[in-house]
Amino acid sequence: MPEVPREERLASAFVELADTLVRDFDVIGFLHTLTDHCVDLLDVAAAGVLLGIPQGRVVEAAASDVRTRALELDGVEWDEGPCRDCFHTRAPIADVRLDTAAARTRWPHFTPRALELGFTSVVAAPLRWQEQVIGALNLFRDRPGPLAAGQLRLAQALADTATIAILQQRTVHEQMTVIAQLQYALDSRVIIEQAKGYLAHRHHSSVDDAFTRMRSHARNHGAKLTDVARQVLNGTAGADLLDPEA
């Protein structure tokens, strides 16, 4: 099958993100879709999204693959990294080469770990609406050279779309605060991670394959990813998802 032109993929990405905005949506599922689009549309190897919590820290919410999620979680534990800086300074982090002394000084734990994983540079864009910053989008490259200016603008547009999507919940559910929405997103991630592990064990597959299976099931049945994860954990999911022979 011939590859779909980038212009069409770009249009489809924003149509999908906009369609998510007009429906009651699952925040974690949406953010995973966002990271997938970043990897597809931008000249980056991986992407991750960190959301803020009331205490002023950032907590990982979504990543495009397992290695990036592990790196983001390590960054949260170390309280350092581009997303952490982007969230607290409320400003983008331009291309930072990771093989420099400046990067090692700035992020003494994060930088060597990122290099170990094969990343060469990183960009971070704030999830920002007016004066409010609710998180950050991390973009990792695994080849030499900076991200082009046009791609940086597109990255910020994708980050802005994610921000609007999350804050949309405040309009739909006026009684909920933004903090409550973010807490729900973080709680949902825990359920999804448990379901991924359960499916991986049941199917003797990788965690990534288990997550792909769960997302495909959610999309095919028009269900929220978090609801599917709950069904997996309580044993009520369909045989096509739970049965290793299906």
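- Residues passing the salt bridge (Lys or Arg N to Asp or Glu O under 4.0 Å) test with R143 are D43, sequence neighbours excluded.
- From R215, atom CZ reaches atom NZ of K196 across 10.0 Å, with rounding to the nearest 0.5 Å.
- The salt bridge (Lys or Arg N to Asp or Glu O under 4.0 Å) check on D40 picks up R9, with sequence neighbours excluded.
- Using the six-membered ring where Trp is involved, H201 and H204 have ring planes that are tilted, between 30° and 60° apart.
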Side chain to side chain contact (heavy atoms under 4.5 Å, CB included) between I134 and W129, intermediate numbers included:
CA-CA 8 Å; I134 62 172; W129 182 73; over 6 Å; no
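- Residues satisfying the ring-ring contact (aromatic ring centres under 6.0 Å, His included) criterion with H221, sequence neighbours excluded, are H217.
- Taking 4.0 Å as the cut-off between side-chain N and carboxylate O, E72 and R69 do not count as a salt-bridged pair.
- Taking the salt bridge (Lys or Arg N to Asp or Glu O under 4.0 Å) definition, one finds that D187 meets it with nothing, sequence neighbours left out.
- Put simply, the side chain of R219 reaches to within 4.5 Å of the side chain of T33, judged on heavy atoms.
- Taking the salt bridge (Lys or Arg N to Asp or Glu O under 4.0 Å) definition, one finds that R128 meets it with nothing, sequence neighbours left out.
- For Y198, there are no ring-ring contact (aromatic ring centres under 6.0 Å, His included) partners at least two apart in sequence or on another chain.
- A donor-acceptor contact under 3.5 angstrom links the side chains of D160 and Q156, judged on distance only.
- Distance CG/D79 to CZ/R84: 4.5 Å, rounded to 0.5 Å.
- The two residues I191 and T226 make their nearest non-hydrogen contact at CG2-O, 4.4 Å.
- A side-chain contact (heavy atoms from CB on, under 4.5 Å) with L152 is found for one member of V123, L139, L42 and no other, namely V123.
- At a threshold of 4.5 Å between side-chain heavy atoms, the hydrophobic network of Ile, Leu, Val, Met, Phe, Trp and Tyr places L34 and V39 in two separate groups.
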